[in-house]
Amino acid sequence: SEYGRVIDRHGGLDDIDSGELRVIHPQSFVDDPTRIFRGARLAARLGFAFADDTEGLIPRALSAIDHVSGERIRTELRLILVESSASDALMALDDYGALAAIHPALRATDTLDSDLLAIHDEPPSDLETAAWCAWLCRLDPSEIRDISVRLAFSAALAGAVNATAALVHNPADLARKKPSAIYHRLHSLPEPAIIAAGRVLGGKYAKNVEKYLNTWRYYKTVTTGEA
């Protein structure tokens, strides 16, 4: 009986056994550069790697990334960011030169692994936005602005990333002792930005953010008229 027989014309079973991802023709990445990003995501998720001959095809496809819309690239990066293996995929893409091909300022930061781990360890309700914030918050404001334009961020996403960056670059704002001061600084900011900043900074900053999210933001001002 032929039932259940695997027809494998491209050696896929051998690649699975060896933990390799391989394109089936040399123009694959040039035809669609987003395959580089999907491949990196799958490799990181499965613990695989591009086969040597496939990885060797990436450099000549990088220039084609410039012709891919920001929306399509953002979608691929979003799918990476919501996975627990996001830092591995992004670091691989950085090594390939694929992030710099999107924008010269886009990179795997020195703290990428710990920053994203802090988000994925206890995923917030808006994991995607928090992960974007954790990844990009270490960059300079001008770099964030340019990347936001290239990737066609929504106003809400750009605002969240910028808010996180402002907190991370000025951590003293989260070290104030008075709950009212923390409330004043955070109450108008999107929750994913607050969560990301607290977890990226850690320590006393994270504790104050947790107190704000769990208690302080619910405080109400009461006027008694008493002197």
Side-chain angles (χ1 to χ4, degrees), residues 6-113 115-116 120 127-129 131-140 142-154 157-158 161:
V6 175
I7 299 173
D8 179 17
R9 296 192 176 97
H10 299 286
L13 293 176
D14 289 338
D15 285 340
I16 291 173
D17 288 340
S18 59
E20 293 184 320
L21 295 181
R22 189 186 310 274
V23 294
I24 60 174
H25 65 87
Q27 286 292 110
S28 183
F29 291 143
V30 174
D31 291 346
D32 184 359
T34 62
R35 290 169 178 157
I36 300 171
F37 300 93
R38 287 196 291 279
R41 172 165 55 89
L42 292 172
R45 180 199 298 171
L46 300 172
F48 282 21
F50 281 129
D52 289 343
D53 56 350
T54 290
E55 185 174 329
L57 298 173
I58 293 176
R60 67 188 182 92
L62 293 178
S63 60
I65 292 175
D66 197 44
H67 303 292
V68 180
S69 71
E71 290 84 351
R72 287 191 67 201
I73 297 174
R74 188 185 69 246
T75 295
E76 296 299 335
L77 293 175
R78 174 182 67 81
L79 292 172
I80 289 172
L81 284 168
V82 298
E83 298 209 10
S84 59
S85 55
S87 62
D88 290 335
L90 292 173
M91 286 189 282
L93 290 168
D94 199 28
D95 289 341
Y96 301 147
L99 296 183
I102 298 170
H103 188 279
L106 193 60
R107 59 188 180 274
T109 58
D110 293 340
T111 56
L112 176 68
D113 190 47
D115 289 346
L116 287 180
H120 282 278
L127 172 60
E128 177 191 339
T129 300
W132 277 113
C133 292
W135 177 20
L136 301 179
C137 67
R138 306 281 188 178
L139 304 183
D140 292 335
S142 61
E143 294 175 328
I144 293 173
R145 181 188 64 242
D146 292 345
I147 291 167
S148 298
V149 172
R150 174 64 182 96
L151 295 178
F153 280 3
S154 66
L157 178 55
V161 173

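Because the structure is a prediction, the values reported are computed rather than measured.
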Tell me if a side-chain donor or acceptor on [X] pairs with a main-chain N or O of [Y] at a distance below 3.5 Å.
| X | Y | result |
| --- | --- | --- |
| Thr54 | Val23 | yes |
| His120 | Leu81 | yes |
| Arg78 | Glu128 | no |
| Trp135 | Arg107 | yes |
| His10 | Gly12 | no |

What I'd like to find out is whether the side chain of Ile147 reaches to under 4.5 Å of the side chain of Val161, using heavy atoms alone.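 Not touching, per the 4.5 Å side-chain cut-off.
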Given side chains that start at C-beta, do those of Phe37 and Ile65 come closer than 4.5 Å, heavy atoms only?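 Result yes, sub-4.5 Å side-chain heavy-atom pair found.
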What residues, two or more places apart in sequence or in another chain, satisfy side chain to side chain contact (heavy atoms under 4.5 Å, CB included) together with Val68?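 With sequence neighbours excluded, Val68 shows a side chain to side chain contact (heavy atoms under 4.5 Å, CB included) to Pro33, Thr34, Arg72, Ile73, given in chain and number order.
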Once the angle between the rings of Phe29 and Phe50 is folded into 0 to 90°, is it parallel (under 30°), tilted (30 to 60°) or perpendicular (over 60°)?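 Perpendicular.
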Just verifying a value: how many Å separate [X] [atom1] and [Y] [atom2], rounded to the nearest 0.5 Å?
| X | Y | atom1 | atom2 | value |
| --- | --- | --- | --- | --- |
| Leu151 | Leu157 | CG | CG | 9.0 Å |
| Leu62 | Ile102 | CG | CD1 | 10.0 Å |
| Ile80 | Asp88 | CD1 | CG | 11.0 Å |

Quick one: closest heavy-atom pair of Leu127 and Val82, and the distance? CD2-O, 3.6 Å
Between Arg138 and Thr109, does any side-chain donor sit less than 3.5 Å from a side-chain acceptor? no
Give me each pair satisfying salt bridge (Lys or Arg N to Asp or Glu O under 4.0 Å) with a member in residues 38-47, each pair once, sequence neighbours excluded.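 Qualifying pairs: Asp32-Arg38, Arg38-Glu76, Arg41-Glu83, Arg45-Glu83.
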All pairs passing salt bridge (Lys or Arg N to Asp or Glu O under 4.0 Å) where residues 12-26 contributes a residue, at least two apart: Asp15-Arg22, Glu20-Arg22, Arg22-Asp53
